[in-house]
Structures are given as structure tokens and as C-alpha cells.
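Input: a single structure, listed below in C-alpha cells.
Hydrogens, waters and symmetry mates are skipped; everything else that's a heavy atom, side chains included, is used.
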Amino acid sequence: MTDNIKLYSDIERFEIININDGEKYNCLANNDIVVDEDGYLKLLIININNNKFSLFSSNEFMEIPWDYVKKIGARTIILDAEEQNIKRTKPRLL
């Protein structure tokens, strides 16, 4: 699936779309990826803050296992994740 992608910068502007519910989650550069200790992509962290003024709002994130990434296209990253497979979290203050 990602054999021809060599750099994060190649895909950072790709829009993320969940084909299960049709949701669009902005581009990869505005979200995050968790990589395990062996260098494999493990989770896609989606920032679902709808408020433009995030200073006074609480962010919410979705953790989507990388296994639900079905295709990386010319300009999109296609997910197929059902709601029960998505973990919703809020950031913890240190």
C-alpha cells in the first residue's frame, strides 16, 4: 500500500476521508501518526476540534488503528473505520 511513499512530506497534504461514514478529517499535516518501536505505523490521531479558536476550547481526538487505512491515493488517505473501532480521547494536562 505505501511501498512507493518514501517521505512523510510526500503525503502530509493528503486529505483523510473515512468511506464508512463519508467524514473528511482535514489533511495529514494537521493530524498525527503514532509509530511503534519497530518503525511501523500504528495509529492515526485525528484532531476533531471544530472550533477555530482552540485556545479556549477543549480538543478531542480520535485514535484510529493504521489497519483501517485502506488506500493512499493521489491526494487522499482512505479509511474504512466504523464508530466502534474508533477511540475518542481528550488531551491530558501534565
Side-chain angles (χ1 to χ4, degrees):
M1 174 173 50
T2 60
D3 293 339
N4 59 346
I5 304 286
K6 295 184 179 17
L7 301 172
Y8 175 79
S9 61
D10 291 341
I11 62 172
E12 70 181 352
R13 293 285 164 211
F14 286 21
E15 186 174 30
I16 301 168
I17 300 171
N18 187 352
I19 60 171
N20 189 281
D21 59 9
E23 284 291 321
K24 293 182 181 181
Y25 300 120
N26 212 326
C27 64
L28 186 60
N30 294 334
N31 297 291
D32 219 341
I33 297 175
V34 175
V35 180
D36 70 11
E37 58 276 353
D38 296 321
Y40 293 102
L41 303 175
K42 183 176 177 182
L43 290 172
L44 186 56
I45 307 294
I46 305 288
N47 181 353
I48 56 173
N49 180 23
N50 294 328
N51 190 344
K52 301 252 188 247
F53 301 103
S54 62
L55 181 64
F56 300 109
S57 66
S58 62
N59 287 347
E60 188 176 357
F61 297 93
M62 294 187 315
E63 296 178 5
I64 302 174
W66 192 260
D67 295 339
Y68 293 105
V69 173
K70 297 303 175 190
K71 183 172 178 84
I72 297 178
R75 305 301 266 157
T76 58
I77 297 173
I78 305 297
L79 310 173
D80 189 5
E82 295 182 16
E83 186 65 33
Q84 66 264 22
N85 300 324
I86 298 172
K87 180 180 176 187
R88 293 181 181 266
T89 62
K90 292 193 182 241
R92 290 180 236 145
L93 298 175
L94 300 175

Using 4.0 Å as the upper bound for N to carboxylate O, is an ion pair formed by Lys42 and Glu37?
-> no
[Y] reachable from [X] in the ILVMFWY side-chain graph, under 4.5 Å edges:
X     : Y     : value
Ile19 : Ile77 : no
Ile86 : Ile78 : no
Ile17 : Tyr68 : no

Query - Steps toward side chain to side chain contact (heavy atoms under 4.5 Å, CB included) verdict (Thr76, Ile16) - result: CA-CA 6 Å; Thr76 58; Ile16 301 168; over 6 Å; no
Considering all heavy atoms of both residues, which atom of [X] and which atom of [Y] are nearest to each other, and what is their separation?
X     : Y     : result
Pro65 : Asn85 : CD-O, 3.7 Å
Phe14 : Ala74 : CZ-O, 3.3 Å
Arg13 : Cys27 : NH1-SG, 3.6 Å

Quick one: does any side-chain atom of Asn18 pair with a main-chain N or O of Glu23 as donor and acceptor, under 3.5 Å?
no
Check: Okay, side chain of Asn31, backbone of Asn47: is any donor-acceptor separation there less than 3.5 Å?
Finding: yes
Would you check if [X] and [Y] make a side-chain contact, meaning some heavy-atom pair closer than 4.5 Å?
X     : Y     : value
Phe61 : Asp32 : no
Leu79 : Asn20 : no
Tyr8  : Leu28 : yes

- Stepwise, does the side chain to side chain contact (heavy atoms under 4.5 Å, CB included) test hold for Trp66 with Ile33? CA-CA 9 Å; Trp66 192 260; Ile33 297 175; 4.3 Å; yes
Rounded to the nearest 0.5 angstrom, the CD1-NZ distance for Ile64 and Lys87 is 13.0 Å
query = Would Arg88 and Ile48 count as a side chain to side chain contact (heavy atoms under 4.5 Å, CB included) if you check the C-alpha gap in whole Å, the side-chain angles of each, and the deciding distance to 0.1 Å?
reply = CA-CA 10 Å; Arg88 293 181 181 266; Ile48 56 173; 2.9 Å; yes
